[in-house]
Amino acid sequence: MRIILMGPPGVGKGTQAKNIVDKFNIIHLSTGDILRAEVDGETKLGKKAKKFMDAGKLVPDELLLNMMENRLQQEDCKKGYLLDGFPRTIPQAEGLESILNKINQTIDYVISLTADETELVNRLVLRGKESGRSDDTEEVIRKRQQVYWRLTSPLSDFYRERKLLHEVDGLGTIPEITNRILKVLE
Ligand code: ADP
């Protein structure tokens, strides 16, 4: 099974992603996590990505597409995967489509978690205090929200046209939301 999980920053994608991949025994590919590992490892890609990430901006599409084209062809992706944080723009979605065509794969479901923006900013400010993530300050959080609504939310239409989109209410307890997602997938 191949799934794309999307939703605004703070909606709980990471938590839900983990619950879903455990259940279906597929791998979790979070481009945020992959990029943070590149930054920590001070790789060439990490050095390029860091300044965008710290400003709450998106890393350029071309870098993401190269990174994911390689990643999706690794052995562990054969059993299926959940994409978390990718694609994040229409060019990334188009790029992903052509990568998948090339390697003879298709996406089975796109799950879009929905939630109210004010609630999300509050949650993220709280997380920032706990996690110490360098992009979890209020200013950068607002920036990331704006980026989401402007660049990422148009992907809903892209995937609706392809009959892959399933919108799931992202407000509620963690197990409630997991169950809503599982109902779509089962
Ligand atoms: P969020 O909590 O905002 O969902 P992520 O961990 O998914 O955060 O991503 C953190 C940062 O990594 C983003 O703000 C962005 O700079 C970069 N990033 C992650 N995925 C992508 C992507 N698909 N395209 C461009 N930039 C990305």
Side-chain angles (χ1 to χ4, degrees), residues 2-18 20-21 27-72 77 81-100 107 110-156 158-159 168 170 174 177:
R2 299 181 203 99
I3 306 170
I4 293 173
L5 182 62
M6 52 178 277
V11 77
K13 275 194 310 275
T15 311
Q16 295 303 332
K18 191 175 177 318
I20 300 165
V21 300
I27 62 164
H28 178 194
L29 295 179
S30 153
T31 47
D33 288 348
I34 299 173
L35 287 169
R36 278 186 288 278
E38 298 281 337
V39 171
D40 290 344
E42 298 182 0
T43 64
K44 220 167 128 190
L45 170 61
K47 283 179 188 159
K48 283 188 197 158
K50 184 170 171 34
K51 51 179 184 291
F52 296 100
M53 295 170 74
D54 284 347
K57 291 184 182 164
L58 292 185
V59 175
D61 290 335
E62 205 192 301
L63 291 183
L64 260 290
L65 284 168
N66 284 334
M67 178 177 105
M68 293 309 283
E69 176 154 17
N70 292 328
R71 187 64 190 88
L72 292 174
C77 289
Y81 47 79
L82 179 148
L83 300 178
D84 165 7
F86 175 85
R88 225 160 168 122
T89 62
I90 295 284
Q92 287 183 19
E94 288 167 348
L96 174 63
E97 209 166 51
S98 66
I99 293 169
L100 293 176
I107 295 294
V110 177
I111 305 281
S112 174
L113 291 175
T114 58
D116 171 78
E117 186 169 352
T118 326
E119 162 77 22
L120 295 176
V121 174
N122 292 341
R123 271 201 221 171
L124 281 174
V125 172
L126 214 86
R127 181 177 85 183
K129 287 187 184 132
E130 287 158 7
S131 74
R133 235 176 77 170
S134 60
D135 59 351
D136 272 348
T137 62
E138 187 161 350
E139 192 195 334
V140 176
I141 289 165
R142 289 202 186 280
K143 174 78 192 166
R144 277 159 49 217
Q145 295 285 341
Q146 284 165 11
V147 166
Y148 181 82
W149 298 112
R150 190 159 51 90
L151 296 173
T152 308
S153 63
L155 292 183
S156 297
F158 183 92
Y159 287 116
V168 171
I174 292 172
I177 300 166

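As the structure lists them, so they are numbered: ligands from 1, and atoms in each ligand from 1. For this chain, numbers begin at 1 and follow the sequence in order.
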Does Gln16 use its side chain to pair, donor to acceptor, with the backbone of Ile174 at less than 3.5 Å? yes
Any idea which protein heavy atom is nearest atom 16 (O) of ligand 1, and the distance to it? Lys57 O, 2.6 Å
Can an N or O of Arg36 be found at a distance shorter than 3.5 Å from an N or O of ligand 1? yes
Taking the minimum heavy-atom distance to atom 24 (N) of ligand 1, which of Lys13, Gln92, Gln145 ranks first? Gln92
Are any non-hydrogen side-chain atoms of Trp149 and Glu117 less than 4.5 angstrom apart? yes
Atoms of ligand 1, numbered as shown, that sit under 4.0 Å from any heavy atom of Arg127: 2 (O)
Which residue and heavy atom of the protein sit nearest atom 26 (N) of ligand 1, plus the separation: Val59 N, 3.0 Å
In short, Phe86 meets Leu65 closest at the heavy-atom pair CZ-CD2, 3.9 Å
Considering only non-hydrogen protein atoms, determine which one is nearest to atom 12 (O) of ligand 1 and report residue, atom name and distance to 0.1 Å. Met53 CE, 3.6 Å
Under 3.5 Å, side chain of Arg88 to main-chain N/O of Thr31, donor-acceptor pair present? no
Working to the nearest 0.5 Å, report the span between CG of Leu29 and CD1 of Ile3. 11.5 Å
Which protein non-hydrogen atom lies closest to atom 1 (P) of ligand 1, naming both residue and atom, and how far is it? Arg144 NH2, 3.5 Å
Among all protein heavy atoms in this structure, tell me which lies nearest to atom 5 (P) of ligand 1, with the distance rounded to 0.1 Å. Arg88 NH2, 3.7 Å
Do me a favour and list the nearest non-hydrogen protein atom to atom 20 (N) of ligand 1 with residue, atom name and distance? Thr31 OG1, 2.8 Å
Taking every heavy atom of Gln92 against every heavy atom of Val59, the minimum-distance pair comes out as NE2-O, 4.3 Å
Taking N or O atoms only and a 3.5 Å limit, does Gly56 qualify as a polar contact for ligand 1? no
Is there a heavy atom of Met68 sitting under 4.0 angstrom from any atom of ligand 1? no
Distance in Å, Ser30 OG paired with Lys18 NZ, rounded so as to fall on 0.5 Å steps: 13.5 Å
Quick one: does Pro9 get an N or O within less than 3.5 Å of an N or O on ligand 1? no
Is Arg142 salt-bridged to Glu138, going by a charged N under 4.0 Å from an acidic O? yes
Hey, does the side chain of Lys50 reach the backbone of Val39 with a donor-acceptor pair shorter than 3.5 angstrom? no
for atom 18 (N) of ligand 1, nearest protein heavy atom and its distance come out as Leu35 CD1, 3.4 Å
